[in-house]
Chemist: 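I have a structure I would like to understand better, so I am pasting it below and will then ask my questions one at a time.
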Amino acid sequence: MSEKTFRNFEREKGAQTPEIFVETTVAALKEQLGNDKVVLGLSGGVDSTVTAMLLHQAIGSNLHCIFVDHGLLRKNEFEQVLDSYRHIGLNVHGVRAGEEFLKELSGISDPEQKRKIIGRMFIEIFDQEAQRITEVKWLAQGTIYPDVIESISDKGPSVAVKSHHNVGGLPERMNLKVVEPLRMLYKDEVRLVGKALGMPPAFLERHPFPGPGLGIRVLGEITPEKVAILQEADAIFINELKQAGLYDKVWQAAAILLPVKSVGVVDDERTYEYSVVLRAVNSVDAMTAEWVRLPYEFLDKVSNEIINKVKGVNRVAYDISSKPPATIEWE
């Protein structure tokens with residue numbers, strides 16, 4: 001049994017290990033939910049996946065998972081993640097909705113407005129799919145403690161950093177009760193729970209990925225062209241991290257597409273193309289983060305790969321800002 005105890009639970013309920021948390025949470029979910037049906041929106045990330053695994057142990061096939069592709073996932077992520085979910089036994093339905101999302105986001109540049117549109121669209125698509133399941137009584141959410149803290153209104157104890165579509169909106173629209181088994185856990189603790197559940201390393205070792213996806217990594221207006229450019233640049237960065245043995249030494253890595261173009265030279269000809277910023281941070285709970293000192297040789301290789309292989313990019317920069325004062329994501 002792990003010696004790790006959970007910070008919030010230790011303060012409120014006494015020390016708990018991941019194994020004890022799984023045992024007590026599954027038992028509590030069985031008692032709370034009984035034979036009721038539960039619907040859960042999966043994102044491919046650790047939080048929603050651990051939530052699904054806990055509920056799967058508690059209620060089995062009464063858990064109905066929906067995985068929405070909003071067109072802002074990483075390259076080939078929808079197919080890969082959907083296949084992985086089915087291999088671990090989850091009852092999951094995949095929905096492609098990228099065209100609908102990108103249409104609604106056309107012409108929108110404000111970061112918070114983009115988040116709200118993506119959240120609203122997610123709610124609408126999710127609600128449509130959930131309505132196909134009869135007699136659902138509960139909505140499960142992968143909300144964790146930093147989500148709660150960063151989503152508190154400025155009328156509360158802290159200033160809201162950003163809105164999250166996974167902490168509000170759906171329950172009211174769907175008239176469902178909410179179950180959030182990870183609400184008091186930090187990100188590092190969620191991973192320990194996943195390990196205790198026997199989840200595959202492919203899920204546990206995945207870097208955090210924001211709910212709005214690449215929508216908040218394409219700065220400014222989102223277009224299909226920009227998303228495609230960023231997907232290619234991001235894929236190169238992540239793949240190079242893995243090949244260099246650096247992926248597991250980084251808590252979260254991302255590529256960001258800037259909304260401005262700059263002058264460059266390719267084959268002795270002047271170019272005027274986009275710039276990509278690489279971001280890599282280490283953190284324990286996402287409340288603070290330190291930028292990672294990736295080797296210069298590695299950054300040089302990634303920069304050359306992106307500029308040479310991704311049409312539309314002629315400049316790559318590296319973000320050396322920590323949180324605070326900068327946030328992990330750019331929008």
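Please read these numbers as outputs of a predicted model, since none were measured by experiment.
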Chemist: Does a side-chain N-to-carboxylate-O contact under 4.0 Å join K103 and E99?
Modeler: no
Chemist: Check for a donor-acceptor pair, side chain of Q131 on one end and backbone N or O of Q128 on the other, with a separation under 3.5 Å.
Modeler: no
Chemist: Any donor-acceptor pair under 3.5 Å linking the side chain of N308 with the backbone of N304?
Modeler: yes
Chemist: Taking NZ, NE, NH1 and NH2 as the nitrogens, is one of them in R217 or E331 under 4.0 Å from a carboxylate oxygen of the other?
Modeler: no
Chemist: Under the salt bridge (charged side-chain N to carboxylate O under 4.0 Å, His left out) rule, collect the residues that match up with R270, sequence neighbours excluded.
Modeler: none
Chemist: Does either side chain, that of Y318 or that of S303, offer a donor lying less than 3.5 Å from an acceptor on the other one?
Modeler: no
Chemist: Judged by atom type as modelled, is there a donor-acceptor pair below 3.5 Å linking the side chain of K114 to the main-chain atoms of I108?
Modeler: no
Chemist: By salt bridge (charged side-chain N to carboxylate O under 4.0 Å, His left out), which residues pair with K187, not counting sequence neighbours?
Modeler: D47
Chemist: So with a 6.0 Å cut-off around NZ of K261, is the heavy-atom count from everything else above 12?
Modeler: yes
Chemist: Any donor and acceptor pair, going by atom type alone, linking the side chain of R191 with main-chain N or O of L204 inside 3.5 Å?
Modeler: yes
Chemist: Output, in order, the C-alpha distance, side-chain angles, deciding distance and verdict of side-chain contact (heavy atoms from CB on, under 4.5 Å) for L42 and L40.
Modeler: CA-CA 6 Å; L42 291 172; L40 166 66; 3.9 Å; yes
Chemist: Is E77 salt-bridged to R206, cutoff N-O under 4.0 Å?
Modeler: yes
Chemist: Report, as yes or no, whether the 6.0 Å neighbourhood of atom NZ on K195 holds more than 12 heavy atoms from other residues, nucleotides or ligands.
Modeler: no
Chemist: Is the side chain of S43 donor-acceptor paired with the backbone N or O of G211 at a distance under 3.5 Å, no angle test?
Modeler: no
Chemist: Does the side chain of R183 pick up a donor-acceptor pair with the side chain of T143 at under 3.5 Å?
Modeler: no
Chemist: Can a side-chain donor-acceptor contact be found between S109 and E221 if the only test is distance below 3.5 angstrom?
Modeler: no
Chemist: Tracing side-chain links under 4.5 Å among I, L, V, M, F, W and Y, which residues wind up in one group with I328?
Modeler: W251, V281
Chemist: Is the count of non-hydrogen atoms from other residues, nucleotides or ligands lying under 6.0 Å from Q32 atom CD greater than 12?
Modeler: yes
Chemist: In the single-linkage hydrophobic clustering (I, L, V, M, F, W, Y; side-chain heavy atoms under 4.5 Å), do V284 and V193 co-cluster?
Modeler: no
Chemist: I'd like to know if E232 and K309 make a salt bridge, using a cut-off of under 4.0 Å between side-chain N and carboxylate O.
Modeler: no
Chemist: Rest of the hydrophobic cluster containing V260 (Ile/Leu/Val/Met/Phe/Trp/Tyr, side-chain heavy atoms under 4.5 Å)?
Modeler: L219, I256, L258, V277, W330
Chemist: Going by salt bridge (charged side-chain N to carboxylate O under 4.0 Å, His left out), name the residues that satisfy it together with E205, two or more places apart in sequence or in a different chain.
Modeler: none
Chemist: Taking the six-membered ring for Trp, are H207 and Y247 parallel (under 30°), tilted (30 to 60°) or perpendicular (over 60°)?
Modeler: parallel
Chemist: Check the hydrophobic clustering (I, L, V, M, F, W, Y; side-chain heavy atoms under 4.5 Å; chains of links allowed) and say if I216 and I123 are grouped together.
Modeler: no
Chemist: Hey, is the main chain of E79 close enough, under 3.5 Å, to the side chain of D83 for a donor-acceptor pair?
Modeler: no
Chemist: Counting only N and O atoms by type, is there a donor-acceptor contact under 3.5 Å from the side chain of E240 to the main-chain atoms of K301?
Modeler: no
Chemist: Side chains of residues 56-69: which donor-acceptor partners sit under 3.5 Å, not counting sequence neighbours?
Modeler:
| unit_1 | atom_1 | unit_2 | atom_2 | d |
| --- | --- | --- | --- | --- |
| N62 | ND2 | N35 | O | 3.2 |
| H64 | ND1 | N91 | ND2 | 3.3 |
| D69 | OD1 | G71 | N | 2.9 |
| D69 | OD2 | R96 | NH1 | 3.3 |

Chemist: Ignoring hydrogens and angles, tell me if any N or O in the side chain of N239 forms a donor-acceptor pair with the backbone of A235 under 3.5 Å.
Modeler: yes
Chemist: Check whether K37 reaches the backbone of T134 with its side chain - one donor and one acceptor, N or O, closer than 3.5 Å.
Modeler: yes
